2 protein chains.
Amino acid sequence: MDARERRAARHRSPAAGNDVGSRRRRAPITPEQVVDAALGVVAAEGYEALTMRRLATALDTGPASLYAHVVNKADLDELLIGRLCAELVLPEPDPTTWRDQLRGVLAQMRDQYLRYPGISRAGLALAPTDREIARVSEGVLSILLTGGVAPQAAAWAADALLLYTAAYCLEVSIVRQRATEDDAVWVLDREEMRGRLAALPAATFPNTVRYAGELTAGEGHDRFDFTVGLVLDGLAHR
Amino acid sequence: MDARERRAARHRSPAAGNDVGSRRRRAPITPEQVVDAALGVVAAEGYEALTMRRLATALDTGPASLYAHVVNKADLDELLIGRLCAELVLPEPDPTTWRDQLRGVLAQMRDQYLRYPGISRAGLALAPTDREIARVSEGVLSILLTGGVAPQAAAWAADALLLYTAAYCLEVSIVRQRATEDDAVWVLDREEMRGRLAALPAATFPNTVRYAGELTAGEGHDRFDFTVGLVLDGLAHR
DNA sequence: CGTGGTCACGAACACTGTTCTAGTTACGAA
DNA sequence: TTCGTAACTAGAACAGTGTTCGTGACCACG
């Protein structure tokens with residue numbers, strides 16, 4: 001809009017743009033806005049809270065309007081995961097630092113998933129057809145190949161690592177969500193979980209009882225890092 | 001029933017035992033029957049088809065009746081996964097064959113999950129509070145410890161392996177389900193998938209295009225076995 | 001026999017994703 | 001400028017989901 005149009009808009013009555021009977025908004029919603037709003041809802045309320053109605057409310061529109069922009073909910077899922085993947089910064093693979101590079105990309109993926117609690121469930125349900133998802137796969141594969149991993153092992157390891165990342169994040173999201181719920185039955189922080197494991201009958205669960213501490217140990221993403229490390233160690237000796 | 005009662009029953013009119021107004025069955029449904037029927041539905045139609053109504057139909061009862069036996073759907077999920085785990089045969093850990101033992105337990109878990117397509121999604125959503133789930137965890141942990149893996153590494157590796165198994169099975173279930181759907185958009189067998197990868201722009205996806213074959217390679221559970229092997233190799237060098 | 005507990009069932013509720021229909025607006029062509 | 005069409009929006013409705021509530025029937029026990 002040029003300055004004249006902007007001024008004309010300011011001089012319009014305030015209600016003019018919000019006519020109750022209006023069937024068209026000033027500016028149509030864009031798919032990008034749909035994705036933005038959806039991610040906003042997921043970030044604030046978790047993936048399970050993302051219903052078409054919830055999303056429509058966030059966009060100040062009706063749920064039926066969303067179908068002008070997304071095919072269905074599965075399509076929306078794909079757009080969401082694609083957006084997450086698009087935001088990952090993939091390094092130029094370097095044969096001297098490829099391990100750290102790999103850890104970095106996986107950590108980014110992990111953190112994206114965790115920024116949007118529960119969304120990795122959508123990631124687990126996708127066939128890898130989205131271009132951005134393929135970009136991340138390409139990035140992981142490239143790092144592994146640059147690191148000297150054989151093509152077949154690199155291909156399968158990339159698959160396994162991305163799969164594990166999604167599953168890990170789903171589990172973390174669920175545990176965190178449970179921690180925020182008021183239902184005391186499920187409030188199991190680490191000490192409580194450790195206590196539960198330690199209280200199992202030792203005759204049936206000797207090692208679980210003995211190593212309850214180790215089973216519940218780990219700060220931050222120790223488990224995640226450990227598993228990635230295992231895979232890297234495994235690859236190093238193939 | 002003694003012989004006299006059986007004869008009296010046979011002489012009753014056929015409708016007598018099926019009184020329309022009857023609010024109680026001959027023999028009440030048991031939780032075991034609920035789980036059996038639920039697993040039957042999942043095996044035949046997939047996890048997503050398992051609704052309370054579908055289950056109630058399979059049991060020739062009403063959906064509300066199910067709540068006399070299970071707390072809610074999440075509780076049912078837990079019972080189902082518990083049943084799957086209860087059927088796993090855990091070996092007496094042997095320090096000379098622990099690797100094969102571990103592969104065997106994970107393969108059983110994998111196969112149970114795949115026998116009931118999509119059910120591993122329920123497994124991913126559970127807090128590990130069920131006794132049978134804990135039994136399997138104990139079994140995996142024991143094998144690793146017997147194999148000389150340090151307790152902390154064993155604890156975290158057990159966690160990672162079970163998580164990966166569930167995720168792997170979820171993905172396989174989804175791919176298989178898609179293969180059975182008539183919607184041609186999603187019918188991507190291996191050759192088609194390979195073709196799609198190979199058709200990506202080589203400038204953006206050089207390695208994906210070059211190694212489309214490797215990315216789509218693998219028979220049966222090659223990928224699964226590869227990943228478990230990676231973890232074992234990683235553990236061997238810690 | 002009376003009572004309490006358990007099971008089963010129907011109706012209803014609140015919610016989900018989605019389709020269908022109709023209204024409105026924007027845009028391009030005549 | 002007018003008209004037609006495409007695109008967008010919104011409400012109603014549909015079919016489905018998990019679950020609750022109230023009630024009836026049955027069974028076991030005192």
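A quick note: this is a predicted structure, and the numbers were derived from the prediction, not measured. Atom set for the values below is all heavy atoms of this structure, side chains included, hydrogens, waters and symmetry mates excluded.
- Dashed line: the shortest gap from a side-chain N or O of B/His69 to OP1 or OP2 of C/dT6 is not under 4.0 Å.
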Hey, can you pull the donor-acceptor pairs under 3.5 Å for the side chains in residues 35-48 of chain A, sequence neighbours left out?
from	atom 1	to	atom 2	distance (Å)
A/Asp36	OD1	A/Arg83	NH1	2.6
A/Asp36	OD1	A/Arg83	NH2	3.2
A/Glu45	OE1	A/Arg54	NE	3.0
A/Glu45	OE2	A/Arg54	NE	3.2
A/Glu45	OE2	A/Arg54	NH2	2.7
A/Tyr47	OH	A/Asp77	OD1	2.9
A/Tyr47	OH	A/Asp77	OD2	3.0
A/Glu48	OE2	A/Arg121	NH1	2.6

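- With sequence neighbours left out, A/Arg194 forms a side-chain hydrogen bond (donor to acceptor under 3.5 Å, both in side chains) with no residue at all.
- Among residues two or more places apart in sequence or in another chain, the side-chain hydrogen bond (donor to acceptor under 3.5 Å, both in side chains) test is passed with B/Glu32 by none.
- Listed by chain and residue number, nothing satisfies the side-chain hydrogen bond (donor to acceptor under 3.5 Å, both in side chains) test with A/Glu214 (two or more places apart in sequence, or in another chain).
- Listed in residue order, the members of residues 36-44 of chain B having a heavy atom less than 4.0 Å from DNA chain D come to none.
- Here A/Glu191 pairs with nothing under the salt bridge (charged side-chain N to carboxylate O under 4.0 Å, His left out) rule; sequence neighbours left out.
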For residues 161-168 of chain A, run the donor-acceptor check on the side chains, cut-off 3.5 Å, and write out each pair with its distance to 0.1 Å, sequence neighbours left out.
from	atom 1	to	atom 2	distance (Å)
A/Tyr164	OH	A/Thr227	OG1	3.1
A/Thr165	OG1	A/Leu161	O	2.7
A/Tyr168	OH	A/His221	ND1	2.7

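- Under the 4.5 Å side-chain criterion, counting only non-hydrogen atoms from C-beta, A/Leu124 is in contact with B/Leu124.
- Atom CG in B/Asp75 sits roughly 14 Å away from atom P in D/dG18 (whole-Å rounding).
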For nucleotides 13-20 of chain C, give me every protein contact, N/O to N/O, under 3.5 Å, one pair per line with atom names.
from	atom 1	to	atom 2	distance (Å)
C/dG17	OP2	A/Met52	N	2.8
C/dG17	N7	A/Arg53	NH1	2.5
C/dG17	O6	A/Arg53	NH2	2.8
C/dT18	OP2	A/Tyr67	OH	3.0
C/dT18	OP2	A/Lys73	N	2.9
C/dT18	O5'	A/Tyr67	OH	3.4

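- Remark: P of D/dT17 and CG of B/Leu76 are 14 Å apart, rounded to the nearest angstrom.
- With rounding to whole Å, B/Asp60 atom CG is found 12 Å from C/dA8 atom C1'.
- With sequence neighbours left out, the side-chain hydrogen bond (donor to acceptor under 3.5 Å, both in side chains) criterion links A/Arg53 to no other residue.
- Between B/Thr61 and C/dA8 there is no side-chain polar atom (N or O) within less than 4.0 angstrom of OP1 or OP2.
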